[in-house]
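Worksheet: the structure to be examined is printed underneath.
Positions are given from 1, in the same order as the sequence printed here.
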Amino acid sequence: MSSGQIKQRFRLRFRSRSLVVGLFLLLQLAPLLALTLGAPSLLVLGLSVGILLCTMPLVLGGMQSIDRTIDLLVQDTQKIRQMDFSGELPPASLFAEIETLNRNHIEMKDALQSQTQALQASQLKLASLVENGLLLSSERDRDALLRHILMQGKRTCNAQAATMYLKTEHGTLRFALRSMDDELPTVEIPLHDPHTGLPNERHVSTYAALHNETVVIDDVYGESRFDLSGTRRFDSESGFHTVSMLTVPLAPRGGEVIGVLQFMNALDVETGEVIAFSPPVVAFIGALASQAAVALENHNLIDSQRALIDGMIEILAGAIDAKSPYTGAHCERVPELAMMLAEAASEVNEGPLANFRFTTADEWREFRIGAWLHDCGKITTPEHVVDKATKLETIYNRIHEVRMRFEVLLRDAQLERLQQLLDGQDRAQADAQYQATAQALQDEFAFIAGCNIGSELMNPEHVGTLQKAAERTWLRHFDDRLGLSHGELMHMAALPAEPLPARERLLADKPQHIFPRPQTKDFDPKYGFQISVPEHLYNHGELYNLSISKGTLTAEERFKINEHIIQTIVMLENLPLPSNLKRVPEYAGTHHETLLGTGYPRKLDKSQLSIPARIMAIADIFEALTAADRPYKQAKTLSESIEILARLRDKGHIDADLFALFLRSEMPMRYAERHLQPDQIDAIDIERFLPSAQPVI
């Protein structure tokens with residue numbers, strides 16, 4: 001009950017206790033007056049008794065009323081001390097002083113209750129602000145973050161509608177989100193006039209962004225400072241009626257404005273009527289906007305860092321591909337294949353692949369980065385090893401040196417023929433001897449040149465022929481240490497110089513062809529590598545290289561190429577990767593392992609290889625088989641590549657379920673249409689390579 005109601009209720013009351021006391025005393029003197037005037041004693045006595053009997057209940061009743069009122073006031077005061085405003089209102093009092101105390105108590109109670117409610121509302125908003133800060137700091141999804149910021153602001157100020165603008169890189173404000181479900185406008189509002197360059201202060205949103213200043217408008221239709229025609233046009237088209245408006249810039253402390261929040265029509269909590277935005281609400285919204293700006297800026301920084309990391313990874317992969325003209329785009333094509341197969345595997349609902357899922361964007365990104373970096377260790381692999389197309393190739397093809405020695409031997413044969421003729425030997429005999437020598441040299445060089453190609457297996461007979469050819473000698477008349485680099489001279493420093501002319505073998509394995517292996521921490525036992533490390537780093541011996549039984553690589557060079565996966569693991573495991581990228585080394589470093597435990601570098605078996613690791617193996621093998629840019633082999637056709645993969649599956653090297661999924665999803669043909677040469681694309685009999693039971697997608 002309000003004090004106004006109390007004043008209307010207590011109409012009849014004594015203004016002062018002195019009046020009551022005075023009347024009481026006059027009544028008590030009435031018998032004396034009657035006795036003085038000569039009234040009979042009995043009458044005076046009766047009058048005295050009557051007056052006493054009449055006034056005593058009134059006095060006692062008045063005293064009880066005062067006591068009861070004061071008791072109720074005391075009880076209500078005790079409740080108020082405990083913030084309990086449910087106490088009973090004191091009854092009306094006939095005494096003005098008591099009634100004044102009553103009224104003041106009720107007014108005080110009303111004021112305390114109002115202030116307490118306001119304080120409680122502020123505490124709720126403050127608690128909501130703290131909770132909002134925690135939620136903003138933990139939210140990773142950008143769209144969810146923007147919606148949370150907008151809707152939390154709308155709830156905080158109890159607004160009817162809300163809009164978010166974000167600042168673009170080209171100096172405009174674009175509509176980012178609305179609380180209503182209507183379509184967002186595509187128009188962007190420029191912060192500066194495109195012709196004059198002057199700040200665009202006509203719109204309330206741009207003004208708030210330009211000046212980093214909150215703008216409160218109590219009556220949109222009475223506002224003259226800003227051009228609100230857009231708001232009025234929206235009202236006429238949608239039926240919404242905007243009255244009050246609050247525009248708050250999104251800016252971290254001391255930072256640049258990154259957006260604007262705009263709220264329309266504050267609603268009274270009790271009546272639901274549109275009211276103006278109060279100063280306390282504006283203060284809370286300002287604090288929330290600061291929180292939101294910091295969270296949004298942090299999110300933008302994280303996005304920028306992610307984009308930077310992803311860009312650097314792609315640049316690194318591109319640099320590795322560009323390092324060799326023969327492996328271009330390998331680091332790009334393998335991730336494409338791996339992602340295609342991972343997406344297909346994520347759709348499987350039955351069988352061994354049913355439990356495989358990448359459930360978050362971070363997990364997909366982690367796998368994609370691992371795929372992009374699967375060959376990052378190749379940055380340490382010399383080009384001449386990766387691109388070694390012939391057995392004698394180092395930085396260049398040394399077959400030219402061998403051919404020049406044959407040229408020297410042929411010239412020597414010609415000179416010997418001429419010398420024989422000068423010595424009077426029979427011309428026919430000299431010519432026949434020369435022709436035989438020349439033909440033998442031609443045949444031997446053709447044989448050596450054929451061995452250099454490495455397209456066929458070297459059998460023991462061929463090795464014996466090479467060794468026989470190597471027994472030929474030629475004379476070197478020039479110092480083989482002139483024009484060498486400091487490093488080359490240091491490499492040969494321990495070898496004695498031969499006197500000139502020096503007789504050398506046609507094909508030689510010289511001590512300077514051996515390059516010792518330097519000390520390194522890359523084979524530390526902590527990495528768990530299960531590998532046999534060759535004694536030497538390189539062996540460029542000519543006979544040694546030409547005797548390679550298969551392909552063009554020596555054991556040292558094959559190890560150097562395989563070492564790229566070791567370098568990949570060492571590089572990635574020594575990076576301080578965040579928790580959401582911890583499996584990148586696993587994904588990048590297992591594509592040369594097999595399910596049998598015969599792969600490298602760790603000889604992991606089926607139980608140690610995850611589904612993503614198995615996906616990487618299939619993607620890497622298929623890309624290598626179909627690649628048309630390798631100098632040491634011809635590109636396989638689609639059917640040939642599938643045939644080889646099927647044999648690897650049958651041997652237990654690759655995952656049979658993933659291989660079946662690879663075929664059933666028509667992935668080989670889809671990949672071939674984008675990346676293979678037309679003559680590589682042929683028909684595939686998929687059913688021939690599939691068992692009867694397959695996972696259901």
Side-chain angles (χ1 to χ4, degrees), residues 146 149-168 170-180 182 184-268 273-293 296:
L146 296 178
I149 291 171
L150 186 68
M151 301 311 292
Q152 182 64 29
K154 179 176 177 290
R155 285 191 295 270
T156 299
C157 62
N158 198 32
Q160 195 171 4
T163 300
M164 176 186 287
Y165 304 84
L166 290 180
K167 187 178 178 181
T168 66
H170 47 276
T172 64
L173 289 180
R174 67 173 180 85
F175 289 85
L177 197 62
R178 273 180 170 171
S179 60
M180 297 181 177
D182 56 324
L184 283 175
T186 57
V187 64
E188 295 183 3
I189 309 172
L191 292 172
H192 293 84
D193 189 288
H195 302 293
T196 64
L198 296 175
N200 178 15
E201 298 180 345
R202 295 183 300 111
H203 302 285
V204 63
S205 57
T206 57
Y207 180 90
L210 287 168
H211 295 277
N212 193 9
E213 181 180 323
T214 297
V215 179
V216 182
I217 298 175
D218 294 339
D219 183 6
V220 166
Y221 286 84
E223 177 62 40
S224 60
R225 292 175 296 168
F226 304 104
D227 178 7
L228 295 171
S229 57
T231 301
R232 294 163 187 153
R233 184 169 57 254
F234 173 79
D235 285 359
S236 63
E237 293 173 355
S238 65
F240 188 86
H241 182 67
T242 307
V243 178
S244 57
M245 179 183 290
L246 172 61
T247 306
V248 186
L250 282 170
R253 296 294 183 188
E256 183 181 355
V257 173
I258 58 176
V260 171
L261 292 176
Q262 196 168 73
F263 303 98
M264 280 69 71
N265 290 354
L267 301 177
D268 185 273
E273 296 180 355
V274 177
I275 59 175
F277 290 91
S278 65
V281 166
V282 173
F284 274 109
I285 290 296
L288 182 140
S290 295
Q291 275 188 344
L296 193 56

**OP:** Before giving the answer on side-chain contact (heavy atoms from CB on, under 4.5 Å), spell out for Leu228 and Ile217 the whole-Å C-alpha distance, their side-chain angles and the decisive distance to 0.1 Å.
**Re:** CA-CA 11 Å; Leu228 295 171; Ile217 298 175; 4.1 Å; yes
Under the side chain to side chain contact (heavy atoms under 4.5 Å, CB included) test, residues paired with [X] that sit two or more places apart:
{"X": "Glu213", "answer": "Tyr207, His211"}
{"X": "Val282", "answer": "Thr214, Val216, Leu246, Phe277"}
{"X": "Ala161", "answer": "Ser179, Met180, Phe240, Met264"}
{"X": "His195", "answer": "Asp193"}

Subject >> Inter-residue atom distance Phe175.CZ - Leu166.CG, 0.5 Å rounding >> reply: 11.5 Å
Subject >> Point-to-point distance, once rounded to the nearest 0.5 Å, from OG1 of Thr206 to CG of Asn200 >> reply: 4.0 Å
Taking all atoms of both residues into account, what is the closest heavy-atom pair of [X] and [Y], and its distance?
{"X": "Val243", "Y": "Asn265", "answer": "N-OD1, 2.6 Å"}
{"X": "Leu191", "Y": "Ala209", "answer": "CD2-CB, 4.0 Å"}
{"X": "Ala289", "Y": "Leu250", "answer": "O-CD2, 3.4 Å"}
{"X": "Ser205", "Y": "Val260", "answer": "O-CG2, 3.6 Å"}
{"X": "Thr172", "Y": "Pro190", "answer": "CG2-CA, 3.9 Å"}

For the backbone of [Y] and the side chain of [X], can you confirm whether one donor and one acceptor N or O come within less than 3.5 Å of each other?
{"X": "Asn158", "Y": "Ala266", "value": "no"}
{"X": "Asn212", "Y": "Pro249", "value": "no"}
{"X": "Ser238", "Y": "Phe234", "value": "yes"}

Original post:
Are Met245 and Thr231 close enough, and set up right, to give a side-chain contact (heavy atoms from CB on, under 4.5 Å), and what steps lead you there?
Top reply: CA-CA 10 Å; Met245 179 183 290; Thr231 301; 3.9 Å; yes
Non-hydrogen side-chain atoms of [X] and [Y] separated by less than 4.5 Å:
{"X": "Leu267", "Y": "Val274", "value": "yes"}
{"X": "Ile275", "Y": "Ser244", "value": "no"}
{"X": "Leu261", "Y": "Leu150", "value": "yes"}

Among all residues two or more places apart in sequence or in another chain, which pass the side-chain hydrogen bond (donor to acceptor under 3.5 Å, both in side chains) test with [X]?
{"X": "Asp235", "result": "Tyr221, Thr242"}
{"X": "Gln262", "result": "Tyr165, Thr247"}
{"X": "Arg178", "result": "Asp182"}

Original post:
Under the salt bridge (Lys or Arg N to Asp or Glu O under 4.0 Å) rule, what pairs show up with a residue in residues 158-167, not counting sequence neighbours?
Top reply: Lys167-Glu256
Subject >> Sequence neighbours excluded - salt bridge (Lys or Arg N to Asp or Glu O under 4.0 Å) pairs with any residue from residues 219-229 >> reply: Arg202-Asp227, Glu223-Arg225
